[in-house]
Structure formats: C-alpha cells, structure tokens
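Chain letters run A, B, ... following the sequence lines, proteins first, then strands; residues in each count from 1.
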Amino acid sequence: MKYKEYKELDYARIAADMLAFWKEGKVFEQSVSGREGSPTFTFYEGPPSANGTPGIHHVMARTIKDIFCRYKTLKGYQVKRKGGWDTHGLPIELQVEKELGITKEDIGRKISIEDYNQKCREAVMKFTDQWNDLTEKMGYWVDLENPYVTYQTEYIETLWYLLRRLYDKGLLYKGYTIQPYSPGAGTGLSSHELNQPGTYKDVKDTSVVAQFKVKRNEKSEKLFSSAGNGQPATDNDLYFLAWTTTPWTLPANSALTVGKNIRYARVRSFNPYTFQSGDFILAKDLVSRYFSPKGAEVPPESFKPGDKVIPWRMVGEYKGADLEGVEYDQLLPYVKPARPAFRVITGDFVTTEDGTGIVHTSPTFGADDFRVARQHDIPAILVTDENGREVPIVDRQGRFVKEITDFAGMYVKNYDGQDESAPDYRTTDVKIAIKLKEENKAFRVEKYEHTYPHCWRTDKPVLYYPMESWFIRTTALKDRLVELNKTINWKPESTGTGRFGNWLENLVDWNLSRSRFWGTPLPVWRTEDGTREICIGSLAELNEKLMQAVSNGKGVLSEDQLRKNNGMLLKISQGQADLHRPYVDDIFLLSADGRPMFREPDLIDVWFDSGAMPYAQWHYPFENKDIFSKSFPADFISEGVDQTRGWFFTLHAIAGLLFDEVAFKNVVSTGLVLDKNGEKMSKRKGNVINPFEALAKYGPDATRWYMVVNAPPWDNLRFNPEGITEVQRKFFGTLFNTWQFYALYANLDSFRVDKKDPVPVQDRPELDRWIISVLQTLIGEVDGYYADYEPTRATRAIQYFVTEQLSNWYVRLSRRRFWKGSLTEDKKAAYQTLHQCLLTVAQLMSPVAPFFGEWLYRNLAGGSSEATASPSVHLTDWIPSDGLLVDKALEERMDLAQRYSSLVHSLRKKHNIRVRQPLSRILIPVLQEEEKHKIAGVEGLILSEVNIKQVEYIDDTSGLLVKKIKPNFKKLGRQYGPRMKEVAALITALSQDEIRTLEKSGSFGVSLAGESLMLTADDVEITSEDIPGWIVASEDGLTVALDVTISDELRKEGIARDIVNRVQNMRKDMGLEVQDKIRIDVQISDELVNAALEANREYICTETQALELNMHQSLENGQAVDLEDFVLSMKIQSVSV
RNA sequence: GGGCUUGUAGCUCAGGUGGUCAGAGCGCUACACUGAUAAUGUAGAGGUCCGUGGUUCGAGUCCACGCAGGCCCA
C-alpha cells in the first residue's frame, strides 16, 4: 500500500472529498456519540434568522464557534451543539408586509392576522437551504437535524413558563415608557414608522430659555457663600438657564440635567425682559451665545432698565458634577410631585451644541428624561384622573388637564385644526412663554427652526408621551447581574468589563412589549379595569383556566367567547394548540371574582426568545430536565460584538434573574468583517464578498485559516482575498509540499510507519531530536492558546513551526538522509520523525482547518490504520505534549546554528561567493568554554548548510579579538537613576585593556565626578564584534569570520558541484524519475574542469545517480552547458539497470 | 454627546511588568539557492511607532488632552 501522491494542491477537491467521507462515516455524529459519558462541554448556538441570506461574516463567526467545539472534542469532552432558528420579529414582518404590499394598518383588515402570521411562518424559513449549505461547505459542525425553532409551541411554552416565574417574583410588571405618540391618530408610532420618508420636517417652534431659581440651603450654600473664582458672595438671586423647544413640557419639569464633565460658568447680569439682576449658570462654551461681547465692557453700575447693551461679568466656574444635587424652585407650580424633585442631576446625553448645556427634564415627555429621572429617583409630575389613575398633565388628545389652570383644555400643539394664519393666533407655547416673561422666569424666547418628527397619517407633530408597556424589572437585580458578569471570561476582556459592564451599571428595566403580530404573545390576561390579572405559565395551566372559564362563564362571557374558548380547549386536547395570535386573543378567562379577563395584546421582544434558548431548546421544565441540568450554563458562546446588548445581555439577564447563575462562562465576541479597505460591506458599494464564492474559490480551510491567523477575532477583519492566497502559498502550500516529499521517498523505499518498532528517540540524530523537542513545545503552546480562546496565537504558532522549523530547516537539512542508500536506521528515524511531526500538525490544525487536517491525517494513515487508531482526526484524542522529549539546550544550540548559518550566508553574499563554492574555514570567537561546546554540538549542521570545511574557535588567548562593552541599562538604571547617562558614557569609553581587566577580576573600579564606583561583570555585557584582518559579520552578540581564500582543490570541488547542479537540471528537463540511472559523457576541455571531473568523479556519480562518467576528446550531440567561467559539452542518457 | 475599541514600513500585523530592538511576513529591486518547493536565503529601499504635553536618567510601552477610523448607544 502506497502513500497517496498528488499532482497539485486542490483545496476544493480536498474539501469535497473530506465532506463526503464525513457524511458517509457520520463522523460528526460519532464525534459526539463517541464521547458519551465523558465530561460535557456545552456550547450554545446563537440562532440566526433564516429570512436573509448568509454573509461572509457568518463564516467568520461560525469558524470561531467551530474551532473551540472541535478542540474540546479532541480534549475528550462531549460537545453537543444544537442548531437553532430565530423565527420571530420585526424584520420578518416587514419583509412579509413588503411582499404582500401592505402596511401594519392593513393587518387584521385586508388580511387576517391568521393568514398574515401563516405568511410569516413560511417566509422565515425561506433561506434555510442556503444556510444549511453554508454550514456544510464551511465545515461547521452543528446539529441541523434537530434544531430548536422559536415559533414552535414547545418553545413558546417554555417562554411562558419563564415569564410566569418572573411574574411570580414580581419582576414582570406593567409600567410606562416614553414613546412617539400621535394624539391625532390616538396611537403610538414605532421607530420603523418614524423612519418613513417625510416624517421629519423642518418646523419653527417657540423656544424658551427658562430661569430656574436656585434654592438656598445646605446643598447650595457653597454657591452663595462664594461665587467661585474668588469673587465675593452676592445677594443676587441665582438661576440655572435651561433651554427647551417644547415649552408646553415646562409645567411637567421635575429636574435639570447637566453633563458631569461639562464646564459651567456663572454670569452676573440682568434679565433682558424684566431687567432684574441675577447670577445665571450655563455651559461655559455657550456664554457668548447669550451675552454679547460689548456687555463685558459696559460697567454694571451704569446699567439702566431699557439699555440695549446688557452688562455681564463671569464670576464663577463649576464642573457639572459640582452642581449635582442643588435644588431649585418649581418653575410652574401647578402640580406638586409626590416625592422630592426639582434638583440637578447628571446625564450623559447633555451636550453643549445647542441650548445652555443644562437640560430641562420632564420624565413624562422625554425618553432621556424618563431614563435619567428613574436613575436618580426623580418623580414625574402626574395628576389623578377620574378613575383614580395617575396620568400625565397632557391627556391623550394632546390637551392640558384641568390642574394646569392657566392653560387647562388647551392643545399643546395645533391638534384641533386652528387657523394658524389668523392675526390673533397664539400657540400654547407662546402663551406659556409670555407668562414666563412676565414672571421673570424666561431669559430668552425666540423662534427656533429644527427638524421634528410628524405622524405619517395626520401630518401633525408627534408627542413623546408615556405609553403603557410591560417590563422586566432587571434593575431589581442589577447588582447581582454585575457581580455575575465578573465571573465570566470575556474575550476580549474589555467587552466584558467596558462595553457590557458599563451597560449593566446603567441598566434600565427591560421593555418587553411589542405591538406586533408575529411573535411570542405575552401570557397575561387582565380584567378591563386592570385590577385583576393572571399570568399563564404552561399549557396545562391554560387548559385548567379555560375549563374554569367555560364552566363558570355562562352569563359572564358571551356565546361567541365561550365557543372560542371551547375551540382552544379542543386544540389543546389534540395537541395542536397554536399559541400565536390571533388564537391566544380568542381566549377569555375569568378572574377570581368572576369577571372576564382579556389577554394583554402585546407580543414580547424577540430577544427574550433567543435569550431563553438555554431552557426553551430543551422544552425545560416540561421535558429533558436532566439534559438541561447537564448543559447549563454554557461553557462557551460566541457572536459578534454587536450582540453585546442583544443576545449576550438577554442570556445573562434571564439566567441571572431566574436562576441566579451566569448563562455562559466563556464568551468570544467577534469583530466585524470589512472589505480590504476597511469599509463596511454593503450592496450599494458593491464590495460584498459572497461566502459561497469565497469558499469555492479558496477552499474552506484557507478561508478559515486566513480569518483566524490574520488578526485576533475580536478585531475587525479587513477581508482581503490576497491574504488568503498568501496563506495558501505560505502555509498550506508548504505543508502540502512537505507531505509530498514524505510520500515520494517513503514510497520509493516502501517505508511504512510501524508503531511497534520505532527507532527510540534518544537514538535518533540531533536534528530529529531537535524537531521533536520543538514539536512538544508547540503542542504545549497550541494547547494553551486554544484553552485560552486565543485561536490567532495558536495558528501563528502552528504556521511558524510548519514553514520555518519543519520545512525550511528540518526537511531542508535532512534531505540527504532521504535520498540515499537503503533503509538504514538513520533513514527510518528520519521518516518516523517527519511522520510524527506531520501527524501532530494534522491534529493541531484540525480545529481551524478541519478538511485539510483530516486530509493530511488520512494520507499519513496511508489508507490503513497502521499508524493511526482512528479513521478521522476529529475522532482522535489530543496527543499531549511530552515534557521528557523537550531538550531546551538542544533547541538553543539549533538556534545558534541557524543564526551562524545566516551570518555566513550574508558574508558570502557580501563577497559574492556562491554557496556551491566550498570554502575552507570560518572563525568563531568564543569567550567562554561553554559557548564553544554549544556550537560544537551543531558544527556539522552549520558546515553543511553553508558549505564550509571546518570551524576554528578563537578565544581570548589568541589576542585577535576586539571586544565591545555595553552597559546593562536595566540593572544600572535602578542603581544609578539620574546619573545613568554619565555611567553609560563611562562604560562605553572603557579601553580594551580595561575591559579585559574587568573580565578577569570580575570587577573594575571607575570614578565618576570624584566618586569611585565598582563595576561588576553583570553590570555590563561584553561581546566580541571584530577580528582585525578578517571579513566579519556580527549580529545580536554572535560573530563569525570567513576565510575566503579558494585553493585549487576547493575550486575544483566548486566546479564539480556546479556540474552536479547542471546534470540535475538536465535530468529534470528530460523528465527522469528520481531513481532513474544515467550515464554521463563529457567532452574534454579546460584543464581545470577536467581535473575537477577526475577528482570528484565519485561524488558526481553518487549525486546524480550516474553509473558512469566518461570523458571524450570529442562528443557528438553534446549539449553546451554554461558553467560560471566555462562552457562544457556534455550529454546524459538514461540507463536501464 | 457617551461607552468600548483601533492607530507601528506601501499592505497585513508582532512588540509581558518602561531599558540599547524599532521588528516579521507580503509587495518592490538585485543577487543567490533548489531532484519536495507557486517554496527558500542574503541584501537594498521604505517608519517624527497618529499628534501635543507630562511622569522618568530613559517612553512604541505609563498618564492627560486632542485627531482620525470602527462598533454599540443616545
């Protein structure tokens, strides 16, 4: 049985062949089932949405996932990985709307919810074939046979169970959030609706800079006792200036927000309407916008009411943080809040681009306001309606409530169709502004043009208005979530501590509600007045409540309602319940006090769907409790960094809230895949890389390897196809050639690796023991990198080993051992060593390059199992690093050999002497005996590599060496600190004699500015850098001198080598096989050449597989061969043996 | 505007705890080497290590402030 040899490296072919092998042998299934009973390593697949086609970045993300699952499998773990599909959500709905040519309004009218949801269900799995194809072609191993699907009833039942648990813990509640709202249409607007073209319009609004009068108390005393800047205290009233383009929200003001790091100025001046004096606080950068330069020059004493130029002086300066907590008087005191309000808080959304750098904050009418108020425990300004409910001061029609006496019943914007061109028309904003002016509460009132969103149906301005919503009270367990996060190993760490950690620190409650159709319905039923409600946690419970409703509901529920309830009961009994809308909307339950309850119409955020996958994928707790307990939490997950606030968060939140656990222990967040210029891929730019084309063109292994080796996965990847071809050439090409080399000669020798009869490692030559030692080191490194989720380091280490150490050093220097003679022990050792290296590389690389690793592994097995226990590399056990085979001293020696060889090469180059020309000797200065021993150990390798006859070592006694001395900065720096420069100068100036004295006695006294210092041997580094009279190369403390005299004999040998080279080329041109024998005929010409031929006949023949070499006076049909200085007529013929 | 992140040769990237190291590969040029080689060796050109300050005897490395790109928010 022979090893397979290949004509060329065909990546696509390798992938296709290995894929077929995996399929046929069910290798993936075996890699999981074969580890039954082993410790588990749990991976969670973040479900992709199959309503779009996969992109190249999915190859990146899935490569990372695959790497660690495969690695852990090799390490003996059972790694189950269930695939999944994310099937709910807005993108799918929008896609279906587009397909059907309808809008949200039409759902339930032109098309029934039932039909619509059916369309969504079909649309969402539209591209599953493409996804499955990509998964397979890129070699991503994940269970596609039994995926979880978020729309399935079992999945939803688990979601309901989880929601019920949250509900029971008091973590699910109905509250409100600020959303765009159209009073004209009486409905909230989604962000999608706001993004319709034409909704944002330029409008002129009345803007007001209002004066908020600071309360003098212990919190503000510092502002009164001194104005800052050393200016005296004042009797002036002190005001914050805050700007708004929605003056109608001012009666709802309950706080002022400043930026923590923004600088604020205190300006002493006068109100431009009332001319009352005052001190005004606003952002320093914006002072010039409100106070004219002229005013700074006018003396304040001379100011009279009515003067055009208003004098001002800056009298103080504060940081935003200094102002935090200062209280002020309510601006428009119509409604008193329930809890303390009216103080300065800090928020990160404050800018100094507009306004005053101080933001008027009304929690009922701004999303930022709402959030920041909640964080600082600022209450909203609310009134109680006739039903006893707390409502904002503007009703749902857009009118002020009666409590806002001066403006009661007025529309805050023109929602009642008033004629705006009428001469006496005043907007409510203007009326408010007038009142403020009169009361010395407005500092500036002006028209302000800006863009503002409008309702696409009514064309009227949108209000930001509190809308009812269901929330998960994530803030209740914020501290715990923060704590738990600290136990998670984030790659990179900054995403965990920074991006995710900060996000957790500033957590707000999770708004769960979505007013859509295709998603998981909220399982909450309520009485009409909201006083009774129930949260359903399972189908069984739903069944029970339905039965109660049916049996007790006569007279309370209508005939139709009862009929629908019975319909659902029937479905449940048949196991065909669909928990989507509209079916759940047709369920009517009874409260404990006998009143009907209706389902809350909301759907839940799809992120809850995916965040609940650890439980729902197993239909926990209704089934698979044991499987769940073994696979929670995940050991490892990986997704794009953009998922930080998406899936990473929802996984973490649900696990933390309900199970007081992390959902994952290790997480790799991957960066983006950009084009080669660092720009985002987009269809518009036409720079999108099609993943199928890339895989077909470059093969999955090279693509995967490139993505990992190029940069750490969390950095953005600039996807450059040239990078892949480089990886192909450099890494895969070299590895392929190494395999070809092995296969070629092993086949010639009919060599097979016999596990039972290896040449003991200690009996193998130095070169073999070296590469084996390096290999062990590599295994340890790669193991550590994989374990540490550092795939880039792993691939770089493997690549360095393969190209530099194995191919470019070991194989290159070992070639002769493979070429010649019979199968000696030395040759066997060489084969076994190379085989072992390749086999190990196949395993080490297999997580990243699963096809090529498999291909190499199977080639090495030679189609039989003689050397390998398993049919697939992916079913093997990790071969651990064997510390006993590591020989650090040997590795060090080899390093010396490589560096000396490189130096000699550079000398040859410098003096234009070809490597084929042998030279007699090199000199190597050695200052220590130990050094000499090290080099002597690899002397032979150096000599053959650089074609030199011998090494001579010269030591101190030769008197030939010129030494160089360098201060040891690290050591001396600590000792001498500021005087380091002088000390360094002193050391560098030491003479050769002084250096010698220092070396001999181990110490040397010098004097620095009259003070005597004692230098010791380890204060300095002494190297030898020159040998006068020789040509010398020196680098990193190594020095070598080359004897360039070429004797006749050397010259002849050089010619002989040239001839060998030419003959080899001719053989190659003739298409001879390596083992074919030849005869050489040469025409006698130059005397020196003849002598060279005669003297090296034996050598030439062996090298070229020539049986005879004949010299002729004349030669017919000779080929003119160009040697360096001669032309030789020569002929070679194949000879059959 | 905020959080995180990146910035080192034409390109892709290395450069623990600050020390005399400004590096590798690719690309370019020249020469060499090659019976595994789309490989390799040697040399050359190419860098105010994004900028400005600061700490220090000493900063690519630490600190501050900027600038530019990216992501996520607002």
Check: Going through the checks in order, is the salt bridge (charged side-chain N to carboxylate O under 4.0 Å, His left out) test met by A:Arg812 and A:Glu945?
Finding: CA-CA 9 Å; A:Arg812 196 153 57 85; A:Glu945 171 65 10; 2.8 Å; yes

Check: Base, sugar-phosphate, or nothing: which does A:Thr738 touch, judged by heavy atoms less than 4.0 Å apart?
Finding: base

Next item on the list: Scan A:Phe500 against the nucleic acid and name what it touches under 4.0 Å (heavy atoms): base, sugar-phosphate only, or nothing.
Entry: nothing

Margin query: Go nucleotide by nucleotide along RNA chain B from the 5' end; which of A:Asn808 and A:Leu672 gets its closest nucleotide reached first?
Written below: A:Asn808

Note to self: Nearest whole Å is fine: how far is B:rG41 C1' from A:Gln805 CD?
What the structure shows: 17 Å

Next item on the list: Would you indicate what A:Asn737 reaches in the nucleic acid, counting non-hydrogen atoms under 4.0 angstrom: base, sugar-phosphate, or nothing?
Entry: base

Item checked: Nearest-nucleotide pick for A:Glu726, side chain only, options being B:rA36, B:rG25, B:rU42 -> B:rG25

Item checked: side-chain N/O A:Asn1061 vs B:rU34 OP1/OP2, d < 4.0 Å -> yes

Note to self: Under 4.0 Å, heavy atoms only, any strand: does A:Val811 hit a base, just the sugar-phosphate, or nothing?
What the structure shows: base

Check: Is any N or O donor-acceptor pair between the side chain of A:Thr734 and the base of B:rA36 shorter than 3.5 Å?
Finding: no

Check: For atom P, what is the distance between B:rG23 and B:rA39, given to the nearest Å?
Finding: 26 Å

Next item on the list: Using a 4.0 Å heavy-atom cut-off, write out nucleotides 13-19 of chain B from 5' to 3' as B (base contacted by protein), S (sugar-phosphate only) or - (no contact).
Entry: SSS-B-B

Notebook entry, point to check: Quick one: side-chain contact (heavy atoms from CB on, under 4.5 Å) partners of A:Asp368, sequence neighbours excluded?
Noted result: A:Phe349, A:Arg371

Next item on the list: Calculate the interatomic distance between A:Trp739 atom CH2 and B:rA39 atom P; express it in whole Å.
Entry: 22 Å

Next item on the list: Using a 4.0 Å heavy-atom cut-off across all strands, classify A:Gln740 as base, sugar-phosphate, or nothing.
Entry: nothing

